[in-house]
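Step one of this worksheet: look at the structure below.
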Number of protein chains: 2
Amino acid sequence: MRVTIADVARTAGVSKSTVSRVLNAKGEVDGRTAARVRDVIGRLGYVPSSRAVGLARGRSRTVGMLAPSLAWPWVAELVQGAVDAVEAAGYGLLLFTCSRGRESMTRLTAQVSANAFDGLLVVEPESETGAVAAMHRSGLPVVLIDDRARHPGFPSVATTNTLGGEQAAHRLLGLGRRRPLVVTGPRRFDCVRERLEGFVGALEGHGVGHDPRRTVEGGFGERSGEEAVTRLLAEGADFDAVFAHNDLSAMGALRALRAAGRRVPDDVAVIGFDDIPLAAYTDPPLTTVRQPLRAMGGAAAALLLARTGGGPPDDLPDDGRVVLPTELVDRASAPGPATAP
Amino acid sequence: MRVTIADVARTAGVSKSTVSRVLNAKGEVDGRTAARVRDVIGRLGYVPSSRAVGLARGRSRTVGMLAPSLAWPWVAELVQGAVDAVEAAGYGLLLFTCSRGRESMTRLTAQVSANAFDGLLVVEPESETGAVAAMHRSGLPVVLIDDRARHPGFPSVATTNTLGGEQAAHRLLGLGRRRPLVVTGPRRFDCVRERLEGFVGALEGHGVGHDPRRTVEGGFGERSGEEAVTRLLAEGADFDAVFAHNDLSAMGALRALRAAGRRVPDDVAVIGFDDIPLAAYTDPPLTTVRQPLRAMGGAAAALLLARTGGGPPDDLPDDGRVVLPTELVDRASAPGPATAP
DNA sequence: CTGAAAGCGCTTACAG
DNA sequence: CTGAAAGCGCTTACAG
């Protein structure tokens, strides 16, 4: 039923070796022979079985991607960027998410041992660093997205988190704000530390001290931002701006400020981080530090493909790092000179 | 380097056939022999090569999923639901998106011909129906998510779009609204027609006629909702509610109403469709008709797995349809009795 | 330039 | 209950 290389060979009157050669443009083949084979391939609609090719070659032209839940908009963007790049290279992307906890990791590990893919893209490994390192050690090419410092040894893609923090600070300073509230993500993330450092550093560079009591650790969810602002407001804290470490918590902050009757940006300016699609649709639209998520996904895929032999080689060392720049997106929650009313 | 079934066989002093039998719990194997083999497998850390198993069995324990861009929150939810179910069954999910247009389809078709996966999940095929039907005809199990009417022949998963429209109408009627503006999605979608029919039908059932001029076709984006409301407002149209066919356009509508100084829900009540995570974070929080997206993804995966032999069989006919119920989520943009101020 | 043969790592009748 | 052998559909030295 399925047409195989043997059918093509028989019909064209050549050996399977020859068919394989024209298929893979490998070795010398007589022009006319090749044309005839190609013709038969076309007529029979022959497509090599990926399973058989994979077994014979020892590679599947497939990469795996392990990511947190797609319910996070930034994860979805990253995955979309990767899937585009992988697809363009003629590879397939096997998607795994951590949403089922330990069992998800068990499944992934099994697939790795089964050699189901040629390389693995990992987004923000939280507790799975050990497992990922083990896979890497066993010879699987791995590329990380973000959080490099904790995982020397494999290439990674990150964004300028420190610069991003600085960008946020500069905007707030420009607006005359001197007492910002910072709602961070979980401290264990390097990106969180970097954003905070950049932010505080820039403030201090301008002679503005940052009271640590105005830094609240959040969990990257809307809730964090909402609760942090609500609580500090209740405690009578004095702040004239919010720098949230992602857009979701910034949205929560907006909500809490609104509930408390504080005007944004007049009473409190708000800046987020990420620039998820909906950031343009909050009220007021959210000024935010944009992470080039699609591009990061694409860059990570390119690095991985280079290491699995599926893409053009790059000149990055094995523990090299690609850093894509953040950019302040000017909207009404912390308007710049051009946007100011 | 990689340990194979031959290594296990040699070490355990049995044949590969026997190892295969204990691996797959197929055929009778002496208890002690089996124990010994299992022990060796454990000690050697042997895991069968998925490529070899796939070639020998003719199936890969992998399914494909073709979806629109993950930038749509509802797509991300659907994919997450599917990936969880697929993973739980020990299968892999190869993700394809249509974001690269024709080339995306070419790549997918190639993978299908190459027999790269055992079944395909398709989300809202727009222009690709021909290609999908061809794959199905060639023997590939296919399960659709939504929009069944146009594609008889394969099983599908949908939600109660008509009922959803009715639910929205009943809420607005309950609030005393008689002149709703409807911002639909593209008319070519069956779900759009059904939502509209349900909505208008329910109004008429209550003796409320619907002026077709108050129905505006949108594109499911924030823009649609914003533009529709802005335009009708400019034209001096008279409406006291908005039923948007998805949450994104509802968010656009909220934005336009705010810009025009109309109060929500007092002047204009707003209801969306989907219940994406951010619906709870608009201002005011969005009342919406919830689609059980995760569950739909999971149900579609279950149907597909049953048809690839990877899950428990279901009793659904080959062109059967699973319909999961929508549910009105009560929030402040169109508050019910309990939520009313 | 081309073919026969071995090999990739499994599964599955077929014998015993 | 167990093993030898063929087969899944390719690729790749090795000869010629």
Just how far is it from atom CG of A:L66 to atom OG of A:S104, taken to the nearest 0.5 Å? 8.0 Å
Is B:S17 near enough to D:dG3 that one of its side-chain N or O atoms lies under 4.0 angstrom from OP1 or OP2? no
Closest nucleotide of DNA chain C for A:R36 versus for B:I5: which of these residues is on the 5' side? A:R36
In this structure, how many angstroms lie between the C1' atom of C:dC10 and the CG atom of B:D7, rounded? 13 Å
Base, sugar-phosphate, or nothing for B:S49, non-hydrogen atoms under 4.0 angstrom? sugar-phosphate
Gap between atoms CZ and P, on A:R32 and C:dT2 respectively (whole Å): 10 Å
Residues B:E77 and B:R294 bridged, charged N to O under 4.0 Å: yes
The nucleotide from C:dT2, D:dT11, C:dC10 with an atom nearest the side chain of B:V53 is C:dC10
Which atom of A:V47 lies closest to which atom of A:R2, heavy atoms considered: O-NH1, 3.3 Å
The side chain of B:R21 lies closest to which of these nucleotides: D:dT11, C:dT11, D:dG3? D:dG3
Using whole Å, report how far CZ of A:R61 lies from P of D:dG9. 21 Å
Just N and O in the side chain of A:T33: are any of them under 4.0 Å from OP1 or OP2 of C:dT2? yes
Taking 4.0 Å as the cut-off, does a side-chain nitrogen or oxygen of A:T18 come that near to OP1 or OP2 on C:dT2? no
Is it true that the side chains of A:S60 and B:R51 contain a donor and an acceptor less than 3.5 Å apart? yes
Round to a whole Å and report the spacing from CG of B:N24 to P of C:dG9. 17 Å
Between B:N115 and A:S49, do the side chains contain an N or O donor and an N or O acceptor separated by less than 3.5 Å? no
Got a donor-acceptor pair under 3.5 Å from the side chain of A:R51 to the base of C:dG9? no
Candidates D:dG7, D:dT12, C:dG7 - which lies nearest the side chain of A:A56: C:dG7
Measure the distance from CZ on A:R57 to C1' on D:dG9 and round it to the nearest whole Å. 13 Å
Atom-pair distance (CG on A:L55; P on D:dG7), nearest Å: 17 Å
At less than 4.0 Å, is any side-chain N or O atom of A:R2 found next to OP1 or OP2 of D:dC10? Yes or no. yes
Whom does D:dG3 pair with, Watson-Crick or G-U wobble, provided both distances fall under 3.5 Å? C:dC14
Sugar-phosphate, base or nothing in reach of B:K16, heavy atoms under 4.0 Å: base
Tell me: CG of B:D30 to C1' of D:dT2, nearest whole Å? 10 Å
Just checking B:T4: base, sugar-phosphate only, or nothing, at a heavy-atom cut-off of under 4.0 Å? sugar-phosphate
Looking at B:T4 and B:Y46, what are the two nearest heavy atoms and their distance? C-CE1, 3.6 Å
Where the side chain of A:V14 is defined as all heavy atoms beyond and including C-beta, which of D:dT2, C:dG3, D:dC10 is the nearest nucleotide? C:dG3
Starting at CZ of B:R59 and ending at P of D:dC8, how long is that distance when rounded to a whole Å? 17 Å
